[in-house]
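The structure displayed is predicted, hence computed values, not measured ones. For ligands, and for the atoms within them, numbers begin at 1 and follow the listed sequence.
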Amino acid sequence: MRSVPHCPTPAQGIPPEAARLPPPMATNPLDNKSQAWSALFSEPMSELVQRYTASVSFDQRLWRADIDGSLAHAEMLHAQGLLSAEDHAAIERGMTQIVADIEAGRFDWRLDLEDVHLNIEARLTQLVGDAGKRLHTGRSRNDQVATDLRLWLRREIDALAPLLAALQAALVGVAEQHVDTILPGYTHMQVAQPVSFAHHLLAYVEMFARDAERLADVRRRVNLLPLGAAALAGTSYPLDRARVAKTLGFDGLCQNSLDAVSDRDFAIEFASFAAITMVHVSRLAEEIVLWMSQNFGFIDLADRYCTGSSIMPQKRNPDVAELARGKSGRTIGHLMALLTLMKSQPLTYNKDNQEDKEPLFDSVDTVRDTLRIMAEMVAGVIVKPDAMERAALKGYATATDLADYLVKKGLPFRDAHEAVAHAVKAAMASGQDLAALPLETLQGFHPAIEQDVFDVLSLRGSLNARTVLGGTAPVQVRAQLARHRVRLGTSMPT
Ligand code: ARG
């Protein structure tokens with residue numbers, strides 16, 4: 001992107017075919033925009049105001065949506081008798097040229113033409129003359145930009161959905177290998193109860209599955225056509241909005257022209273999806289960082305996801321996970337920015353809305369790249385089951401099982417809880433695990449304790465006992481894995 005406006009020479013960088021198109025029109029009002037907007041203006045914009053108000057440096061990435069929207073609009077204008085066959089053909093020809101130029105990186109984006117819409121329209125008129133000037137019939141940049149943004153976002157949503165599924169599949173793939181791997185489950189970051197490592201990973205699968213649902217839900221409200229709302233009040237031309245919607249694959253039409261051009265709640269909803277998804281990612285990333293630290297040593301990551309230190313030769317840092325955790329911050333910020341942008345905006349379109357793009361674009365980019373890299377990193381994680389199990393043995397993780405055992409022998413739960421607290425205190429004092437205490441010692445805490453107590457004091461006994469639906473017993477975890485496999489349409493590894 002060129003940051004300095006300039007006067008292009010018409011033939012510059014244009015391939016031979018385009019050179020046969022009509023020459024630039026001296027009467028193209030957009031070409032004079034660097035001097036003034038229209039005959040109404042008596043002085044040109046200052047360079048600072050131009051730079052301050054322009055959006056082309058970032059909104060040029062809407063170009064394909066902008067051209068698709070324009071072509072659908074032109075096709076409908078022609079079908080409605082509002083545009084001649086020749087003009088329609090000229091617009092299509094010019095747009096084909098513009099697409100080729102943009103794809104080849106030779107489109108001359110001009111700051112003085114403010115945004116993606118005016119740049120493309122000006123170039124079209126330069127290429128095909130008056131037909132280009134007829135394209136904007138019955139349309140305003142207000143309904144144009146709302147359409148472009150929805151079209152662009154819908155496509156990004158459709159590209160994100162499989163990435164969200166791939167991250168879930170990666171987690172499911174690792175979980176599949178670790179149904180019987182025991183991890184200390186934590187509350188308050190204190191060892192609480194043993195859980196299956198697969199169960200732990202599937203908690204994240206649940207989160208990302210809900211994120212995917214949210215994304216699908218956002219899509220329904222994104223995929224409505226604003227075009228036809230024109231500047232704000234609709235248009236007196238007999239436009240066929242349904243036809244344009246069908247051409248562009250929209251599910252329906254925005255039903256109020258004022259709302260259509262002004263609200264950006266669809267972008268806010270997407271930003272909310274992005275922020276929530278990234279918050280979920282940040283939790284997983286945080287655990288990866290912790291698990292990889294020497295104090296846990298539960299996992300290792302492939303070297304390609306780590307970086308070294310410039311001073312400490314021994315270091316291998318989990319930078320990718322840390323960045324995934326850190327980047328959640330910007331998506332939360334973007335959600336706040338978009339909410340604040342919309343807050344108190346009077347109807348209808350206000351230039352404030354031009355500020356919707358950068359937060360939205362960055363939300364999309366951040367979620368996309370993060371999902372991709374997290375799926376890869378998770379799929380390649382090196383799990384250390386022995387270290388996990390050793391850690392689970394440390395925190396009296398089966399104390400609840402002992403209490404439950406006493407309840408099954410007839411004790412009220414609160415009494416059982418108290419008896420076990422005494423047992424844990426004694427075990428701590430002697431530096432032993434509950435399962436290492438002799439039966440007679442345990443019976444000292446309650447006479448109902450018998451030899452079978454050792455079945456529940458083991459980590460595996462504790463795990464196997466939690467067969468409630470949603471519990472961590474391997475039989476339940478396997479059932480959940482099968483459900484996720486079906487839901488994600490992935491098959492079991494062979
Ligand atoms: N670049 C503008 C935006 O992003 C396009 C709409 C401008 N409309 C207007 N009346 N100035 O919102």
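Pairing each heavy atom of Leu227 with each of Arg241, the nearest pair is O-NE, 2.7 Å. The two residues Thr235 and Gly138 make their nearest non-hydrogen contact at OG1-CA, 3.8 Å.
Heavy atoms of other residues, nucleotides or ligands lying less than 6.0 angstrom from NZ of Lys343 number 12 at most. The environment of Leu469 atom CG is sparse: at most 12 non-hydrogen atoms of other residues, nucleotides or ligands sit within 6.0 angstrom.
The residue from Glu121, Glu75, Arg139 that alone fulfils the side-chain hydrogen bond (donor to acceptor under 3.5 Å, both in side chains) condition with Ser70 is Arg139.
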List, pair by pair, the atoms of ligand 1 and of the protein that are both N or O and lie under 3.5 Å apart, giving the separation rounded to 0.1 Å.
| residue | atom | partner | partner atom | Å |
| --- | --- | --- | --- | --- |
| ligand 1 | 1 (N) | Asp115 | OD2 | 2.9 |
| ligand 1 | 1 (N) | Gln354 | OE1 | 2.7 |
| ligand 1 | 4 (O) | Lys357 | NZ | 2.5 |
| ligand 1 | 8 (N) | Asn142 | OD1 | 2.9 |
| ligand 1 | 10 (N) | Asn142 | OD1 | 3.1 |
| ligand 1 | 12 (O) | Tyr349 | OH | 2.5 |

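Here the side chain of Ser257 pairs a donor or acceptor atom with the backbone of Leu232 at under 3.5 angstrom.
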